[in-house]
Protein chains: 2
Amino acid sequence: MEVKIAKTAGFCWGVRRTVDKVMEVADHASGPVVTLGPIIHNPQAVARFREKGVGTVDAVGEVGDGTTVVVRTHGAVKEELDRAEGRGLEVVDGTCPYVKYPQAIAQRLSAEGYHVVIVGDANHAEIKGVISYSEGPCTVVKPGGPIPEIPAKKVAVIAQTTCIGADFEAVVGALALRHKEVRAVNTICNDTEERQADARSLAREVDAVVVVGGKNSANTRHLAEICREIQPRTWHVETEAELRPEWFTGCQVVGLSAGASTPDWVVEGVAGWLRGLHRPGTP
Amino acid sequence: MEVKIAKTAGFCWGVRRTVDKVMEVADHASGPVVTLGPIIHNPQAVARFREKGVGTVDAVGEVGDGTTVVVRTHGAVKEELDRAEGRGLEVVDGTCPYVKYPQAIAQRLSAEGYHVVIVGDANHAEIKGVISYSEGPCTVVKPGGPIPEIPAKKVAVIAQTTCIGADFEAVVGALALRHKEVRAVNTICNDTEERQADARSLAREVDAVVVVGGKNSANTRHLAEICREIQPRTWHVETEAELRPEWFTGCQVVGLSAGASTPDWVVEGVAGWLRGLHRPGTP
């Protein structure tokens, strides 16, 4: 079967940067190396790191002295970093600069008296990190969900870096009517926007779409949502092991998109499986 | 016929304030008194001022020395005020405080490097005045119209005081996606919002709506638009002289709303005409 791979599929600049950093640290550290939470939201990539001796912990309290603590792409909660520094542990900051940006905005605008509103998922590591940098009250608004009453004249609105543009637009617009001043800083990363635009046009050109990436990856899930709106035959898988031939009955061309945290070798594995699939009726 | 009058119909606080101020000036001035442009957008009210000897000019250049120049509710262009002060003329500022607010915001945020975007009518006196206070480039976006490309990272968005909320919301939302930072200050005046909400609920309860006010009054025209969306039998008139009995065939209750610049006596004239109208089939 013919496979069209989105040109933006696979690691974004920020993920590649962090992954390279962790590899380097793992090669040179004298003591144990751990990441605070999974380094990226891709179980296959995390497994490879584990093979290289890089562990994963949830909190600084779990590690012994002499451990190198790596902050993952999504950033970390400020208090955890303070704790690591307080203990004299070596901290390697792998936070994506595009995630550092909303952290800095939350800190600066909360200090200026704005109530910080974040359009995103309150349970996502990135958002927990951003909240921890705010010096005042924060409200997380779930995309497409209701917007609670916020008792503030001035609100600052930022977005999870992987937020869908239309969701940010809707929240900013609605708040502009409710509050005297709304200061919206578009913190959606360029890569996310390009990848989503790319997935959108790919979905229009093919008979089915496969989106590859961690089920726990917000940006991968959003890609699948976007594709499914255009092409209902959209499948979100982590590896080729989940694919089923019957999903592609009658398909001539399959589109392949992948999240920012999906390694190239995982994308290639899926592409190889799809290329090897004979279309029904062909020998 | 039964007539329901919106509780917010007629002069708003700002218009009443300016009208009272002009009356006082007219009673006590030693020389001629003129307003820069019609004092409010209501031909009937302006005619009454003319009877009291208060003239209307378009520019300070038209008046002689010793003239008292009154700035109307909608404000004036900064350069005209500077010209009047430069000539030593007495200036009475009748600008509504709710109009002074967007003027001040345009001045402050343009000085901070924001490109100022105003949601409103570029030909309206209020907007011409607001633009004149901006220290940098300004773009006026017509409600419901296209949003031009604006070559700026930071934009500040304000609204004409009489803008419909949903129009402001749409522009702010769209800009939040296009620009790195959008600082939206909701300059729609409370009176406008209440009056629009009031008209909306009135339109739902009646068989026809009459909106009373100057054809040149932006806020009155918006009230008519809002009512017409709910009740297609909506008529915008300046006085009872325009009303036609056949407009109300089959109606039992007529709603009456009026713009912020419509004098009570004009509202009462229309209400009286409607009350006197016999419903078809009744004696």
Side-chain angles (χ1 to χ4, degrees), chain A residues 97-98 100-102 104-106 108-109 112-120 141 143-144 147 150 152-190 192-194 196-197 200 226, chain B residues 97-98 101-102 104-106 108-109 112-120 141 143-144 147 150 152-190 192-194 196-197 200 222 226:
Chain A
Y98 292 134
K100 278 193 166 301
Y101 183 53
I105 297 290
R108 180 160 65 82
L109 295 185
E112 288 182 25
Y114 290 86
H115 182 112
V116 174
V117 175
I118 309 166
V119 185
V141 175
I147 305 173
I150 299 166
K153 275 193 176 175
K154 291 161 60 178
V155 299
V157 198
I158 54 182
Q160 190 165 347
T161 51
T162 52
C163 182
I164 293 177
D167 291 326
F168 182 59
E169 178 179 353
V171 174
V172 172
L175 290 173
L177 275 188
R178 293 196 196 172
H179 299 274
K180 203 67 213 169
E181 184 186 333
V182 169
R183 198 157 167 182
V185 181
N186 184 350
T187 54
I188 301 174
C189 90
N190 284 344
T192 301
E193 286 176 343
E194 279 172 31
Q196 291 177 352
R200 220 170 257 123
I226 287 169
Chain B
Y98 292 133
Y101 183 52
I105 298 290
R108 179 160 67 82
L109 294 185
E112 288 182 26
Y114 290 87
H115 183 113
V116 173
V117 175
I118 309 166
V119 186
V141 175
I147 304 174
I150 298 166
K153 274 194 177 174
K154 292 161 58 177
V155 298
V157 198
I158 52 181
Q160 189 164 348
T161 51
T162 51
C163 183
I164 293 176
D167 291 327
F168 182 60
E169 179 179 352
V171 174
V172 172
L175 289 173
L177 275 188
R178 293 196 195 172
H179 299 272
K180 203 67 213 168
E181 184 185 335
V182 169
R183 198 157 168 182
V185 181
N186 184 350
T187 53
I188 301 174
C189 91
N190 284 344
T192 300
E193 286 176 342
E194 280 173 31
Q196 291 177 352
R200 220 170 256 123
H222 285 160
I226 286 168

Engineer: Could you tell me whether the side chain of B:K180 and the main chain of A:V185 form a donor-acceptor pair under 3.5 Å?
Structural biologist: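 Looks like no, no N/O pair under 3.5 Å.
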Engineer: Output every pair passing salt bridge (charged side-chain N to carboxylate O under 4.0 Å, His left out) with a member in residues 162-179 of chain A, not counting sequence neighbours, ordered by first then second residue.
Structural biologist: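 Found A:E149-A:R178.
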Engineer: Can you tell which of A:A166, A:A174, A:A176 has the highest number of heavy-atom pairs within less than 4.5 Å of chain B?
Structural biologist: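 Going by pairs under 4.5 Å, I would pick A:A176.
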Engineer: For chain B, which residues from residues 156-165 of chain A have at least one heavy atom closer than 4.5 Å to it?
Structural biologist: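 So the qualifying residues are A:G165.
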Engineer: Can you spot which of B:L177, B:V172, B:L175 makes a side-chain contact (heavy atoms from CB on, under 4.5 Å) with A:V172?
Structural biologist: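 The option that passes is B:V172.
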